[in-house]
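Computed from heavy atoms alone, side chains included, the values below leave out hydrogens, waters and symmetry copies. This one's a predicted model, so the numbers in the text were calculated from it and none came from an experiment. Counting starts at 1 for both ligands and their atoms, following the listed order.
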Amino acid sequence: MAEAAYDINNIFAKILRGEIPSHRVYEDDTVVAFMDVMPQGPGHTLVVPRAPSRNLLDADPAALGPLFVIVQKIAQAVRQAFGADGVTVLQFNEPASGQTVYHLHVHVIPRFEGVPLKPHTGQMEKPEVLAENAGKIRMALAG
Ligand code: 5GP
């Protein structure tokens, strides 16, 4: 089955280009991480490679190693920042899987014993809460 083409104007491409705002917690030459605006839990962070691909299925394999190095770094930082008991890492490919934004990204979500995830793309979080949570993650990353 043929995949749809990558859309250079998808929302994450615009965030990567700085055309729309985000609460960034980390960036380097290959990867940017920022807060999810509809978090499934406090501290829900998205780790996004700068290289364009719709998702894992069409990604350049060379992009995946650097991406997951940063996924680990963010997972460790959110665990520390929020005193989490665990961390869920999620990644969706194409609509049938639940993907809603078509630029490869990995969800990193702090988890707490007995607390279920909120719905995927549920409710918008207040910008001040996202800013505060981003600050906590940046502090943990600064070590
Ligand atoms: P997907 O369903 O593609 O795996 O996840 C897309 C994620 O992006 C969702 O969790 C959703 O809440 C988040 N999201 C959608 N629009 C925006 C946006 O404009 N900014 C940010 N930071 N996150 C977004």
Side chains of D28 and T30 only: does a donor on one sit below 3.5 Å from an acceptor on the other? yes

Pairing residues for D7 by the side-chain contact (heavy atoms from CB on, under 4.5 Å) criterion, not counting sequence neighbours: N9

Per-ligand residue contacts, ligand 1, heavy-atom threshold under 4.0 Å: I11, F12, I15, F34, M35, D36, V37, M38, L46, F92, G98, Q99, T100, V101, H105, H107, H120, T121

In terms of the angle between their ring planes, are F92 and H107 parallel, tilted or perpendicular, with boundaries placed at 30° and 60°? perpendicular

Are any non-hydrogen side-chain atoms of I109 and V87 less than 4.5 angstrom apart? no

Taking side chain to side chain donor-acceptor pair (under 3.5 Å) as the test, write out the residues that go with E113, two or more places apart. none

Across all chains, not counting sequence neighbours, the side chain to side chain donor-acceptor pair (under 3.5 Å) partners of E27 are R24, R50

